[in-house]
Colleague: 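Take this structure first; my questions come after.
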Number of protein chains: 2
Amino acid sequence: MSSKYVPMFTSSEENYLKAIYHLEIGVDKGVSTNAIAEKLVTKASSVTDMVKKLSEKELIIYKKYQGVTLTNFGKKIASSIVRKHRLWEVFLVEKLNFSWDEVHDVAEQLEHIKSPKLINQLDIFLGFPSQDPHGDPIPDKDGNLKVVEKSLLSTLLKNESGICVGVNDSSSEFLQFLDKKGITLGKQIKVLEKENFDGSLFISIDQKKLSISNKIANNLYIQKQ
Amino acid sequence: MSSKYVPMFTSSEENYLKAIYHLEIGVDKGVSTNAIAEKLVTKASSVTDMVKKLSEKELIIYKKYQGVTLTNFGKKIASSIVRKHRLWEVFLVEKLNFSWDEVHDVAEQLEHIKSPKLINQLDIFLGFPSQDPHGDPIPDKDGNLKVVEKSLLSTLLKNESGICVGVNDSSSEFLQFLDKKGITLGKQIKVLEKENFDGSLFISIDQKKLSISNKIANNLYIQKQ
DNA sequence: ACATATTTTTAGATAAGACTAAAAAATATA
DNA sequence: TATATTTTTTAGTCTTATCTAAAAATATGT
């Protein structure tokens, strides 16, 4: 029955690596203890402990009070977790009829399943998707991301338009809001008016016109046309 | 990021419940501490600890030195784990091209994923299968099993035949042996000769004839014709 | 620059789940 | 039935991953 499986890394270790992976994007200095604690909803002291362990395992570079950086090894592991997370999200939406606001928590569990064959076959089964249901890129086996040119909707000027290609915030509240407004990936959005006062936009999508706040426009990615 | 999910039961608790569930089949007294320890490849003292905890949670009935029995509640949880395990096995074989000897360890991990929607949708996606790739029944949502009439191949007499419907041993060694001999679920097997001396059988399957040991015949289920 | 505030680390505690060794209970055997 | 053997439980230890509270280091403001 229980053929004891010794995983390379615990789920907790993987979660720390993933958090650091996300936090170090577009930043050139080390990721701070507090930033990790906040992302993982834990205490700074717990982070210090774990960070020492990950450092001993050569997954991150850590010097006291200096924040941390992933090593190449650490990056490899972290991106493999992100890859699994996003492939599972595609599976849930495409095959099991989940909506894009329901997939996160389940994928958060599925990403820790240890089986190289499983994830390879899942990739094949899904037809080698390059993006998850929120438009985020799926790392390939080597951890490489297909970079897609994208801008925040808020950067569009009056009368410019773009295709909706992703979200900056994937909270279910935001995603459900988008659903309600009929805003989904692939839709064309044109900026009809721009309010200088509050940064809100009056846009057209499909045949409809609606106005959206600056906060929304700052959390929607479009591909400029 | 980490929306902390508090699972009803830990993976460890679930594994104990599942072990007890399997061990109490066809037995009318309590399952012994040692039996559980052996099944889970752990120590009797660890079992005693866990058994106390499960008892406090009203999942099992436990009195010192008396062995344990699942309560209805415990049975419900245990069968839901078995249900998940077997549905995942079907998924792996039918959709991801796993062979029947490769699915166990992965399903052992997947069975602990917490998401009622996930397992419901998986069930739908797979077309409500009633058996896993080894011919074992998949409990329905209420824990009920569709009982299938089956006998050990070793109980067939000379010139009787049956359809292969399951295995008693699902170790990968045994399953790979069956693959090698072309014995898969659904195949018709006829007993041409029976050796009294060692209980070995000379059988026909497809167009081929082969002899198999008593041990094999004691681990293959057939449906008599 | 230096006092204050913030961040990070240390020290010590806790809970879960496992282990070993020894004690206690139950079962088997002579 | 008395003794031996096996099974089960208890007691105490260990590891992982947390936590709180306090100390140390770094950063900030005037």
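What you are looking at is a predicted structure, and each value in this text was computed from that prediction instead of being measured. Order of the sequence lines sets the chain letters (A, B, ...), proteins ahead of strands, with each chain counted from 1.
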Colleague: If you only use heavy atoms from C-beta on, which nucleotide in dA18(C), dT7(D), dT18(D) is closest to the side chain of Asn34(B)?
Modeller: dT7(D)

Colleague: Asn15(A) has an atom CG; how far is it from atom C1' of dT18(D), in whole Å?
Modeller: 14 Å

Colleague: Whole-Å distance between dT7(D) C1' and Ile36(B) CD1?
Modeller: 13 Å

Colleague: I need the CG-P distance between Leu40(B) and dC19(C), as an integer number of Å.
Modeller: 10 Å

Colleague: If you define the side chain from C-beta out and look only at heavy atoms, does anything of Lys18(B) sit under 4.5 Å from Lys84(B)?
Modeller: no

Colleague: Just the rounded figure in Å: distance from P of dT7(C) to NZ of Lys29(A).
Modeller: 12 Å

Colleague: What's the verdict on side-chain hydrogen bond (donor to acceptor under 3.5 Å, both in side chains) for Asp169(A) and Asn219(A), showing C-alpha distance, side-chain angles and the deciding distance?
Modeller: CA-CA 6 Å; Asp169(A) 169 0; Asn219(A) 280 295; 4.9 Å; no

Colleague: Examine dA16(C): is either OP1 or OP2 under 4.0 Å from a nitrogen or oxygen in the side chain of Tyr16(B)? Give yes or no.
Modeller: no

Colleague: Hey, is the side chain of Thr42(A) poking within less than 4.0 Å of OP1 or OP2 on dC19(D), counting only N and O atoms?
Modeller: yes

Colleague: Locate the shortest heavy-atom distance separating Ala44(A) from Asn34(A); write the atom from each residue and the value.
Modeller: CB-OD1, 3.7 Å

Colleague: Looking only at the side chain of Lys43(A) (C-beta and beyond, no hydrogens), which of the listed nucleotides dT8(D), dT18(D), dC19(D) gets closest?
Modeller: dC19(D)

Colleague: Rounded to the Å, how far apart are Glu38(B) CD and dT7(D) P?
Modeller: 10 Å

Colleague: Please check this pair: side chain of Lys194(A) against backbone of Leu156(A), looking for a donor-acceptor N/O pair closer than 3.5 Å.
Modeller: yes

Colleague: Indicate yes or no for a side-chain donor-acceptor contact from Lys114(B) to the backbone of His112(B) under 3.5 Å, with no hydrogens or angles considered.
Modeller: yes

Colleague: Check the phosphate of dA18(C) against Ser12(B), side-chain N and O only, distance under 4.0 Å to OP1 or OP2. Yes or no?
Modeller: yes

Colleague: Restricting both atoms to N or O, compile the protein contacts to nucleotides 9-15 of chain D shorter than 3.5 Å, with distance only.
Modeller:
| residue | atom | partner | partner atom | Å |
| --- | --- | --- | --- | --- |
| dT9(D) | OP1 | Tyr62(B) | OH | 2.5 |
| dT9(D) | OP1 | Tyr65(B) | N | 2.9 |
| dT9(D) | OP2 | Thr33(B) | OG1 | 3.0 |
| dT9(D) | OP2 | Thr48(B) | OG1 | 2.9 |
| dT10(D) | OP1 | Lys64(B) | NZ | 2.3 |
| dT10(D) | OP2 | Lys52(B) | NZ | 2.4 |

Colleague: For the residue pair Asp123(A) and Leu87(A), establish whether any side-chain heavy-atom pair is separated by less than 4.5 Å.
Modeller: yes

